[in-house]
Novice: 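Questions regarding the structure given below will be posed in turn.
What you see is a predicted model, and the numbers here were worked out from it, not measured in a lab. Note that ligands are numbered from 1 as they come in the structure, with each ligand's atoms numbered from 1 the same way.
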Amino acid sequence: MLVLVINSGSSSLKYQVRETNTQELLAKGIIDRIGDVVPDHASALEELSSRLRDELDGRTIDAVGHRVVHGGERFSEPVLVNNEIVRSIERLSPLAPLHNPASAMGIRAVHDKWPKIPQVAVFDTAFHRTLPEHAWRYALPDSLYRRHGIRRYGFHGTSYAYVAPAAARFLGIEPAEFDGVIAHLGNGASVAAIKGGRSIDTSMGFTPLEGLVMGTRSGDVDPSILIFLARQGYDADALDNLLNRESGLRALAGESDMRGIEEAADNGNEQARLALTVAAYRLAKYIGGYHVAVGGAQAVVFTAGIGENGWSFRQLVVDQLGPLGIRLDTEANLATGKQARRISTPDSAIPVLVVPTDEEEAIAEATAAVVERHTESAATF
Ligand code: ADP
């Protein structure tokens, strides 16, 4: 099946075309400056359609899979899109104001352009619908949950749903028997506690801001800081900007990209070293906590841009896990590649793995599976 995978943002539309039988990547690109050079999502779709005509040699798309950030409490798995589903995605917009409206616009634009092509929504939150209540509840008045849906949701679910079974396969066990801790470390970063192949806790919460130190996000802070700053005159937009775009590694090291920070640290830049240590320390604490939460992890797994490539950051983290009997194999930690691999010593109490993620492949696979299940009712938009 030829699946067009779309990640529709408010000002850009990223796409890939995947052949699901061979996992071949047939086209990939981005249409940006939507709302500026490109007037709207419908025009972006026109541009995409003309690019695909050139790039696919006359082959046509069988299905479209959309990355949707927020599935709220409703969506626990990928779904075939119809009108009611799009409205539901739009209704969840208050929980993801930058992302869900853009996803809905992308879905509508595809429907207008190619009304017969089945579309599937794949939600970043879905994999974490298995969180037990004690993990998703904030210690806040129940009315906030009932009125506003304020609870922990978790994100990066598509990546965890792909990496957890891959880690299990690497260990030679059934996915449903896998207990582990997975760290998805990209520009946004989170950790998930996996028990019996299911998510039982994760570091991102109501929004992707909670948890780890990220490229430009603070992760966990004392909420009183916000109260203090509000009293100093910061409004909601200023706080949003501060915590989501001006904090994290950017605030500590002066830049948000891990490669630049590692290079600066190697050259003796103290600010960069401190930034790495703060981020690694936070992550090590989460790994220790989730090791307890899963009742003893069978593996600690690194994935995404930094997790797969940032060997010195991995070393900083794993060096702090000594009390758990975890030992890094410094040589193996330097290896690169797209294969799952072990980076701990043979006598490490718990194996440490690098398992590459591929969210687009995961979305393409999920899309093909949903469409195959629904071939009969695929044109019900
Ligand atoms: P996104 O969240 O945007 O999908 P990625 O998973 O692509 O992000 O990860 C981006 C991060 O990975 C950046 O901080 C980047 O510096 C880091 N990264 C990529 N390659 C390397 C590398 N070779 N060494 C260290 N960090 C890397």
Side-chain angles (χ1 to χ4, degrees), residues 5-16 25 28-30 32 67-69 96 98-99 102 122 124-125 154-163 166 182-192 202-204 207-219 244-267 269 272-273 275-280 282-283 301-318 328 330 333-341 343 354-363:
V5 176
I6 290 184
N7 184 350
S8 177
S10 50
S11 66
S12 74
L13 189 152
K14 292 186 201 141
Y15 65 91
Q16 290 196 5
L25 173 64
K28 174 182 175 169
I30 177 166
D32 52 12
R67 173 181 180 227
V68 181
V69 166
L98 294 179
H99 296 103
V122 182
D124 261 13
T125 48
F155 299 86
H156 290 142
T158 309
S159 177
Y160 291 123
Y162 179 86
V163 170
I182 305 178
H184 175 111
L185 310 176
N187 285 312
S190 68
V191 207
T202 189
S203 59
M204 285 178 168
T207 74
L209 183 54
E210 193 177 343
L212 301 180
V213 175
M214 310 178 213
T216 63
R217 295 189 192 122
S218 62
N244 279 302
R245 283 171 284 282
E246 300 298 335
S247 295
L249 296 173
R250 170 170 288 164
L252 293 170
E255 63 174 311
S256 63
D257 192 281
M258 185 54 93
R259 278 162 294 199
I261 298 168
E262 288 189 338
E263 203 181 306
D266 286 345
N267 293 330
N269 180 317
R273 278 195 192 147
L276 295 176
T277 311
V278 172
R282 176 93 50 93
L283 175 53
V301 183
F302 287 90
T303 193
I306 299 167
E308 292 167 34
N309 305 295
W311 63 267
S312 69
F313 186 71
R314 285 196 304 253
Q315 178 157 7
L316 270 180
V317 176
V318 178
L328 191 74
T330 41
N333 187 39
L334 293 177
T336 54
K338 273 314 226 177
Q339 295 301 315
R341 55 194 184 272
I343 59 168
V354 173
V355 178
T357 189
D358 189 337
E359 287 167 282
E360 285 75 20
E361 188 190 318
I363 293 172

Novice: Could you go through the side-chain contact (heavy atoms from CB on, under 4.5 Å) check for Glu263 and Glu255 one step at a time?
Specialist: CA-CA 11 Å; Glu263 203 181 306; Glu255 63 174 311; over 6 Å; no
Novice: With nothing but distance in play, are any N or O atoms of Gly186 less than 3.5 Å from an N or O of ligand 1?
Specialist: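 The answer is no, given that Gly186 and ligand 1 share no N or O pair closer than 3.5 Å.
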Novice: Closest heavy-atom contact between Pro356 and Tyr162?
Specialist: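 Closest heavy-atom pair between Pro356 and Tyr162: O-CE2, 3.6 Å.
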Novice: Can you tell me if CD on Glu246 sees more than 12 non-hydrogen neighbours from other groups inside 6.0 Å?
Specialist: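 Atom CD in Glu246 is crowded, with more than 12 foreign heavy atoms closer than 6.0 Å.
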Novice: How far is atom 16 (O) of ligand 1 from its nearest protein heavy atom, and which residue and atom is that?
Specialist: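 Checking every protein heavy atom, the shortest distance to atom 16 (O) of ligand 1 gives Asp257 OD1, 2.6 Å.
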Novice: Can you tell me how far CD1 of Ile343 sits from CG of Leu328, rounded to the nearest 0.5 angstrom?
Specialist: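 So the gap between those two atoms works out to 5.0 Å.
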Novice: Atom 25 (C) of ligand 1: which of Gly310, Ser312, Ser159, Gly260 has the nearest heavy atom?
Specialist: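 Among Gly310, Ser312, Ser159, Gly260, the closest heavy atom to atom 25 (C) of ligand 1 belongs to Gly310.
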Novice: Salt bridge check: are Arg67 and Glu360 linked by an N-O gap of less than 4.0 Å?
Specialist: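 Not counted as a salt bridge, because no side-chain N and carboxylate O are separated by less than 4.0 Å.
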Novice: Does ligand 1 have any atom sitting under 4.0 Å from a heavy atom of Gly188?
Specialist: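 It does, in that a heavy atom of Gly188 comes within the 4.0 Å cut-off of ligand 1.
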Novice: Among all protein heavy atoms, pick out the one at the shortest distance from atom 27 (C) of ligand 1; state its residue, atom name and that distance to 0.1 Å.
Specialist: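 Protein heavy atom at minimum distance: Arg259 CG, 3.7 Å.
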Novice: What protein heavy atom is closest to atom 17 (C) of ligand 1, reported as residue, atom name and distance in Å?
Specialist: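 Here the closest protein heavy atom is Ile306 CG1, 3.6 Å.
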Novice: Please list the nearest protein heavy atom to atom 14 (O) of ligand 1 with its residue and the distance rounded to 0.1 Å.
Specialist: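 Going by distance alone, atom 14 (O) of ligand 1 is nearest to Met258 N, 3.1 Å.
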Novice: Quick check for you: to the nearest 0.5 Å, what is the distance between Asn269 atom CG and Leu276 atom CG?
Specialist: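 Reported to 0.5 Å precision, the distance equals 9.5 Å.
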Novice: Could you find the nearest protein heavy atom to atom 7 (O) of ligand 1 and give me its residue, atom name and distance?
Specialist: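 Of every protein heavy atom, Gly305 CA, 4.3 Å lies nearest to atom 7 (O) of ligand 1.
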Novice: Over 60° means perpendicular and under 30° means parallel, so tell me whether His156 and His184 are parallel, tilted or perpendicular.
Specialist: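 Ring orientation, 0 to 90° scale: parallel.
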Novice: Just going by heavy-atom distances, which of Leu185, Asn187, Thr357, Thr336 is nearest to atom 3 (O) of ligand 1?
Specialist: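 Comparing heavy atoms across Leu185, Asn187, Thr357, Thr336, the nearest one to atom 3 (O) of ligand 1 lies in Asn187.
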Novice: Heavy-atom distance from atom 9 (O) of ligand 1 to the protein below 4.0 Å?
Specialist: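 Yes, there is a protein heavy atom closer to it than 4.0 Å.
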Novice: Nearest protein heavy-atom contact for atom 23 (N) of ligand 1: which residue, which atom, what distance?
Specialist: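 The closest heavy atom on the protein side is Asn309 CB, 3.3 Å.
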Novice: So, Glu308 versus Thr303: side-chain donor-acceptor pair below 3.5 Å or not?
Specialist: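 Distance-only check passes for Glu308 and Thr303.
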